[in-house]
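So the structure is just underneath, and the comments pick up after that.
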Protein chains: 2
Amino acid sequence: MKPRKQIPAYRNICELLARRIKSGELRQGDAVSSERDLAAEFGVSLMTARHALQVLTTEGLLSRRPSVGTYVAPAKIHFNKLASFTEEMLARGYKPESRVLSATLTSQNDEVCSKLCLPAGSNLNRMQRLRLTGGEPFSIETCYLSAQRFDGILAQDFELKSLFSIISEVYGVTISYADEEIDATSADPKTARLLKVRPGSPILRIRQLLYGSTTPIIYSTALYRSDRHSLLVRRFR
Amino acid sequence: MKPRKQIPAYRNICELLARRIKSGELRQGDAVSSERDLAAEFGVSLMTARHALQVLTTEGLLSRRPSVGTYVAPAKIHFNKLASFTEEMLARGYKPESRVLSATLTSQNDEVCSKLCLPAGSNLNRMQRLRLTGGEPFSIETCYLSAQRFDGILAQDFELKSLFSIISEVYGVTISYADEEIDATSADPKTARLLKVRPGSPILRIRQLLYGSTTPIIYSTALYRSDRHSLLVRRFR
DNA sequence: AAGTGGTCTAGACCACGGC
DNA sequence: CCGTGGTCTAGACCACTTC
């Protein structure tokens, strides 16, 4: 009988392989153990080993060739790299600033709960920040995180440290990717005042669901002055 | 013994469900049969039914909520990879339409010339199309191509065939990727009239530079009704 | 308590690629 | 021919939500 663990067996395999790839022990084009070898090595069934390889494949780390084997995928140039506001501004040579507009608990947002895979009515940390560069307003960002998992996070100083670094250093959670929904909207009076634009001005809205490994961690809505910001994306055929 | 088929069982389930979703028989938020019900219905094992649901989930058609059920995901039109308007709409089960607003030669656009790596003042094919689905306007697209390289392309029937297929079949050029710049703007009177929105309404603008292997081929600006379109992007850390 | 998705077992046959 | 990934079976237990 296997000792029952909290973390699934396939996750352990995933993490081991991911570590080997990220450390450089396994490099682009290298073959990884076959399903059957992995199953034997970890003492799991074929299905479980297979599941691990499948997960890493959809994450883009591995590439499977039927009848041939499983290989470490080419290190993708992530043109569309996910970066925090702080990182992005520093990279462009701006001095990023952040003003916290609010930081409260809420349990009234079932839409966000479901996006974060939390039970409806769960407590959420909600914080709103105004982003500035060179003293000029740039965007308004609203973030939601599980209040249970990130207990006490609202006490942190978000004007000093980025949310990414706090959840990483204090809570041990690393963001790995984000799904973003991008559309256009108009500035309502409050937004207009904060961003110093005329009410009704076009606003670029980016709604992100940020994932740590495979679980959604943060839901965020950002409203950008569209005269100050445009999003660059590279898409492949 | 089951009769061996060429197409996998889970594919059949996928296609049936996908058809029901695209036809409108199953709509956003509707529950789909559970793994167990599907397995019984199709006479397959749990794993197989589960696989079908998993595939449709990663394709974005379904959304699974543990302990609750599997639901039809919000039918947002989303652009994961680079596809033509025609391809995108067909994949979503919509009937794409296109109305050519203009198709002319111009030599007055040096900004586009430089983006396409052409000498300033070069002749350009310029065509403007109104995109519709279900008879309702969706976006306005303006494309520029080198008049020299794509001589005579304006004589093609763009309401029948996609630009992608014409440049591929007639000129032997395959699009491989695109760099996009995304921002928000407001509808000017002409745009508003064509898209049937109020002047000043928020508009999502996507400016693309499309590359064939490594050379820029097409420059295009698209204006989307932001109530009908949002862009989905996945970004990695 | 019933139902759901998530994980897992211990096997099986297939088509295909490389030797 | 052998190893590979792709598909599939017929079960199982778990944690969780809903009633």
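Protein chains get the first letters and strands the later ones, always in sequence-line order, with residue 1 at the start of each. On a predicted model such as this, the values are computed, not experimentally measured, just so you know.
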- Message: Rounding to an integer number of Å, can you tell me how far L62(A) CG sits from dG5(D) C1'?
- Response: 13 Å
- Counting side-chain heavy atoms from CB outward, which of dG5(D), dT17(D), dG17(C) is closest to V68(B)? dT17(D)
- Query: Can you check the L38(A) CG to dT9(C) P distance for me, whole Å?
  - Reply: 13 Å
- Message: Rounded to the nearest 0.5 Å, what separates atom OG in S139(B) from atom CG in L132(B)?
- Response: 8.5 Å
- Item | Nearest-Å distance for atom pair CE/P, residues M47(A) and dT9(D) | 13 Å
- Query: Just how far, in rounded Å, is P of dC16(D) from CZ of R64(B)?
  - Reply: 18 Å
- Query: With a 4.5 Å limit on heavy-atom distance, are the side chains of L163(B) and R129(B) in contact?
  - Reply: yes
- Message: Ignoring hydrogens and geometry beyond distance, is the side chain of R36(A) in donor-acceptor contact with the base of dG5(D) at under 3.5 Å?
- Response: yes
- Rounded interatomic separation in angstrom, taking CG from L46(B) and P from dG3(C): 14 Å
- Length of the CG-P vector between N12(A) and dT7(C), whole Å: 12 Å
- Message: When you measure from the side-chain N and O atoms of Y10(B) to the phosphate of dT7(D), is any distance below 4.0 Å, counting only OP1 and OP2?
- Response: yes
- Query: According to a strict under-4.0 Å criterion, is T70(B) in side-chain N/O contact with OP1 or OP2 of dG5(C)?
  - Reply: yes
- Message: Under 4.0 Å, heavy atoms only, any strand: does R65(B) hit a base, just the sugar-phosphate, or nothing?
- Response: sugar-phosphate
- Spacing between D110(A) atom CG and dT18(D) atom C1', to the nearest angstrom: 15 Å
- Task: Specify whether Y219(A) and Y144(A) have parallel, tilted or perpendicular ring planes, treating 30° as the upper limit for parallel and 60° as the lower limit for perpendicular.
- Result: tilted
- How many angstroms lie between atom CZ of F42(B) and atom OG1 of T48(B), to the nearest 0.5 angstrom? 12.0 Å
- Item | S67(B) side chain, from C-beta outward: closest of dT4(D), dA15(D), dA10(C) | dA15(D)
- Query: Closest to the S45(B) side chain: dT4(C), dC8(C), dA10(D)?
  - Reply: dA10(D)
- Query: Cation-pi between R149(A) and Y171(A): NZ/CZ under 6.0 Å from ring centre and within 45° of the ring axis?
  - Reply: no
- Whichever of S33(B) and T48(A) has its nearest DNA chain C nucleotide further upstream toward 5': S33(B)
- Query: Please give, in whole Å, the distance from dT9(D) P to E35(B) CD?
  - Reply: 14 Å
- Select base, sugar-phosphate, or nothing to describe what R50(A) touches, counting heavy atoms under 4.0 Å on all strands. base
